[in-house]
Trainee: 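Have a look at this one before I ask anything.
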Protein chains: 2
Amino acid sequence: MSRNQQINEEKKEERKKKILSGALKLFAKRGLVATKISDIAQETAMSQGLIYHYYNSKEDIYTELIKTAFKKLIEACYILEKTEATPKGKIIMAIEGLLKGLTDNEDTALYHLLIAQATVSDVTPNEARTIIKEHNTVPYDVMTRIFEQGQKDGTIYHHNARELSILFWTTINGLAIYKSSHGAKSFTPDLSIITSMFFKK
Amino acid sequence: MSRNQQINEEKKEERKKKILSGALKLFAKRGLVATKISDIAQETAMSQGLIYHYYNSKEDIYTELIKTAFKKLIEACYILEKTEATPKGKIIMAIEGLLKGLTDNEDTALYHLLIAQATVSDVTPNEARTIIKEHNTVPYDVMTRIFEQGQKDGTIYHHNARELSILFWTTINGLAIYKSSHGAKSFTPDLSIITSMFFKK
DNA sequence: GTCTATATCCAGATAGAC
DNA sequence: GTCTATCTGGATATAGAC
């Protein structure tokens, strides 16, 4: 690829990112169907036709966002699992990291909301649905393993580890959704309240 | 009103209930815009035109459901508050009742999901938005008061009571959303795990 | 009350000029 | 690459027969 081609490629990627970023806000808050291409065009200060220069359809943009959402989430999960720390330490890091993301970065809550919506909705495009099916269990699996290890070393309550994991993620999810409507800075719960669900005293 | 008129009124109410019940499932799972009147017609085995005999618009049906959702929720809150029980007892009853509703009654999770969606979305019709604004704080207020009382009698941790209340509801909400996609019977967390966020040991 | 047929509108996607 | 104009399909809501 020539030098110019490469610059153009980068410009193109920039534009695509801009579209995705505008679309994320809209999709998360309105859902796939209620978000119009004209909304995305307006949000990104492009013409309607130009959007189609970068993406073939509205559903493509949506699916791309779902891909990114899981990529970020799963990457964070694996990093967490590989960290040098006790299970209890990992759980604290997970909650801290997630709460920090939800308060400091507007997009974090939107990504959570997007995944929640896409998982629940039955108008989710097939390609996105497939991605969800393939990746959705990873965060649950990772947290289940960490809880199991914490039960072995005696720091975590002996409930079913899978259920603890589900409760962990549903709690985070509930918070993310609350923050999506009340604002990222609206409120951040005390770390110790959430951990008290899992840690022995 | 004559006897016949009264019977007709009842029949009419029956039909309206049937529409609402079908629409609840669809709205909760697809959102307002993605749900077509033809979907509701199919779900309730009526013709498309007939729906308009009972409701003036799709948004009217939606708004009616939001009204019902809050009516049920707020009524339960007030009953809880008036019950003869200690604050701790009330919190246990609340969680038990909510979990039971979420597992035994399909509609419960759907109502929670509907409220969550309508609160977050910015395509929610104005009338529905007004209802939310007027009623949304009630459940938070009621639980805040109960937590405060529990702090006075020494059974509840001394975190900010409002924040405990928000955490309480976001946790329930997260669970409701999980159940909406994984099925009402998919999993029910142990009562004691959730209460451990709030109760001193 | 219930249905079918249809007017009307609007959104997704495309075509083609620049 | 970017825009404007337009085609096309589909959804809301209405009209009118039964």
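The chains referred to below are lettered A, B, ... by the order of the sequence lines, with proteins before strands, and numbering in each begins at 1. These figures come from a predicted structure and were not determined experimentally.
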Trainee: Find the distance Ile19(A):CD1 to dG1(D):P and express it as a whole number of Å.
Mentor: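 That distance rounds to 12 Å.
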Trainee: Answer yes or no: are there more than 12 heavy-atom neighbours, outside Lys18(A) itself, under 6.0 Å from its atom NZ?
Mentor: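 Correct, the count exceeds 12.
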Trainee: Would you indicate which nucleotide in dT2(C), dG12(C), dT12(D) comes nearest to any side-chain atom of Tyr52(A)?
Mentor: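 Between dT2(C), dG12(C), dT12(D), the one nearest the side chain of Tyr52(A) would be dG12(C).
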Trainee: Whole angstrom is fine here: how far is it from CG in Asn56(A) over to P in dA15(C)?
Mentor: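 Those two atoms, CG and P, are 12 Å apart.
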Trainee: Does a sphere of radius 6.0 Å around CD in Glu106(B) hold more than 12 heavy atoms from other residues, nucleotides or ligands, not counting ones at 6.0 Å or beyond?
Mentor: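 Count not over threshold, so no.
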Trainee: Mind calculating the distance between CD (Glu9(B)) and C1' (dG1(C)) to the nearest angstrom?
Mentor: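 Checked: the CD to C1' distance equals 14 Å.
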Trainee: Measure from the side chain of Tyr54(B), starting at C-beta and using heavy atoms only, and say which of dT2(C), dT12(D), dG12(C) lies closest.
Mentor: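 The answer is dT2(C), which lies nearest to the side chain.
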Trainee: Nearest-Å distance, CD (Gln42(B)) to P (dA11(D))?
Mentor: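 Rounded to whole Å, this separation is 12 Å.
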Trainee: Looking only at side-chain atoms of Lys12(B), point me to the closest of dA13(D), dG1(C), dG1(D).
Mentor: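 Taking heavy atoms from C-beta onward, the closest nucleotide is dG1(C).
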Trainee: So what does Lys58(B) hit on the nucleic acid, given a heavy-atom distance under 4.0 Å: a base, only sugar-phosphate, or nothing?
Mentor: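 The residue Lys58(B) makes sugar-phosphate contact but no base contact.
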Trainee: Are any of the side-chain nitrogens in Lys88(B) or Asp153(B) under 4.0 Å away from the carboxylate oxygens of its partner?
Mentor: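 Result for this pair is no, no salt bridge flagged.
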Trainee: Rounded to whole angstroms, how far apart are CD1 on Ile61(A) and C1' on dG12(C)?
Mentor: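 Spelled out: CD1 on Ile61(A) to C1' on dG12(C) is 11 Å.
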Trainee: Rounded to the Å, how far apart are Ile51(B) CD1 and dA11(D) C1'?
Mentor: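 Taking atom C1' of dA11(D) as the reference, CD1 of Ile51(B) is at 14 Å.
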Trainee: What is the distance, rounded to the nearest whole Å, between atom CG of Leu50(A) and atom P of dA17(C)?
Mentor: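 Whole-Å distance recorded here is 18 Å.
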Trainee: OP1 or OP2 of dG1(C) versus the side-chain N and O atoms of His53(B): is any pair under 4.0 Å?
Mentor: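 Result: yes.
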Trainee: So what does Tyr55(A) hit on the nucleic acid, given a heavy-atom distance under 4.0 Å: a base, only sugar-phosphate, or nothing?
Mentor: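 Nothing: the residue Tyr55(A), judged by heavy atoms under 4.0 Å, touches no strand.
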Trainee: Where do Glu163(B) and Thr188(A) come nearest, in terms of heavy atoms and distance?
Mentor: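 Shortest heavy-atom contact: OE1-O, 4.1 Å.
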Trainee: What's the closest nucleotide to the Arg15(B) side chain, out of dG12(C), dT2(C), dT2(D)?
Mentor: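 Selected nucleotide: dT2(C).
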Trainee: Measuring from atom NZ of Lys100(A) to atom CG of Asn105(A), what distance do you get when rounded to the nearest 0.5 angstrom?
Mentor: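 Interatomic distance, Lys100(A) NZ to Asn105(A) CG, rounded to 0.5 Å: 10.0 Å.
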Trainee: Write down the distance between CG (Asn8(B)) and P (dT2(C)), rounded to a whole number of angstrom.
Mentor: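 Nearest whole value for this atom pair: 10 Å.
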